[in-house]
Amino acid sequence: MATEPSLTGSLAYEFRTITAMVRIYCQHHHQGTHPCEECRDFLQFAHKKLVRCPYGQDKPTCAKCPIHCYKPEMRERAKTIMRYAGPRMLMRHPVMAIKHLLAERRPVPDKPPKGASARHQSRR
Ligand SMILES: [Zn+2]
């Protein structure tokens, strides 16, 4: 992951939320250290997608996003993880869970602002 640019602002926060969800899911479904290799793979994929998100800091939550940037296999994995970890997040990480629920209610921006992805953050 060292070669990837790092995430900032709401994208960094979203990645922390995803990481927390994956950990909950992994702990209850997989053996060994958490996150396991498979789940680390998934997180790396999610990180890459966040870095490249065309919405940048205005990114809607993934569930509402009109751009389906995940490949089908990862999309299925994401759904399974979110479905399991979503309700449990309220117990384990209430602040994160509530912030995410609030984000779900924000309207989706019309279209990605040009050059808004995390790679072009110099204006912020
Ligand atoms: Zn796992």
Side-chain angles (χ1 to χ4, degrees):
M1 221 185 274
T3 53
E4 291 285 350
S6 55
L7 296 167
T8 54
S10 58
L11 291 171
Y13 195 80
E14 180 149 340
F15 187 66
R16 275 173 55 203
T17 308
I18 295 172
T19 306
M21 289 202 194
V22 168
R23 275 176 181 282
I24 291 173
Y25 179 82
C26 188
Q27 249 166 40
H28 295 205
H29 292 84
H30 302 147
Q31 310 290 321
T33 50
H34 302 113
C36 69
E37 204 180 326
E38 185 192 323
C39 291
R40 277 205 305 271
D41 252 25
F42 175 78
L43 282 174
Q44 208 166 335
F45 176 82
H47 188 275
K48 204 187 293 177
K49 289 300 183 187
L50 282 174
V51 167
R52 287 173 199 169
C53 179
Y55 283 106
Q57 297 292 328
D58 295 324
K59 185 188 167 304
T61 57
C62 290
K64 282 177 75 175
C65 189
I67 304 171
H68 298 301
C69 67
Y70 276 36
K71 54 188 176 189
E73 185 220 330
M74 287 301 190
R75 201 171 147 71
E76 272 317 299
R77 229 195 266 189
K79 270 199 226 164
T80 312
I81 292 168
M82 304 296 154
R83 209 179 298 133
Y84 181 83
R88 287 163 179 84
M89 280 293 282
L90 273 170
M91 307 291 293
R92 297 269 290 269
H93 304 282
V95 176
M96 259 184 199
I98 285 162
K99 280 198 180 181
H100 191 75
L101 288 174
L102 290 176
E104 294 268 339
R105 300 176 62 167
R106 273 203 318 260
V108 178
D110 283 350
K111 60 172 189 243
K114 213 171 184 269
S117 89
R119 294 170 164 225
H120 309 281
Q121 285 293 310
S122 46
R123 67 197 174 89
R124 288 204 186 224

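Numbering of ligands and ligand atoms starts at 1, following listing order.
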For C53, does its backbone N or O pair with a side-chain atom of K59 as donor and acceptor, under 3.5 Å?
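Judged by distance alone, no pair lies under 3.5 Å.
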Which atom of L7 lies closest to which atom of A12, heavy atoms considered
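Minimum heavy-atom separation between L7 and A12: O-CB, 3.6 Å.
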Protein N/O/S count near the Zn ion (ligand 1) (criterion: distance under 2.8 Å):
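Atoms of protein N, O or S type lying less than 2.8 Å from the Zn ion (ligand 1) total 4.
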Just grab all the salt bridge (charged side-chain N to carboxylate O under 4.0 Å, His left out) pairs involving residues 60-75, residues at least two apart or on different chains.
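For residues 60-75: E73-R77.
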Name all residues meeting the ring-ring contact (aromatic ring centres under 6.0 Å, His included) criterion together with H30; count only those two or more places apart in sequence or in a different chain, and write none if there are none.
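For H30, the residues satisfying ring-ring contact (aromatic ring centres under 6.0 Å, His included) (neighbours in sequence not counted) are Y25.
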Non-neighbouring partners of Y70 that pass ring-ring contact (aromatic ring centres under 6.0 Å, His included), sequence neighbours left out
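ring-ring contact (aromatic ring centres under 6.0 Å, His included) list for Y70, sorted by chain: F45.
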Between Q57 and T8, does any side-chain donor sit less than 3.5 Å from a side-chain acceptor?
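Side-chain D/A pair, Q57 to T8: present.
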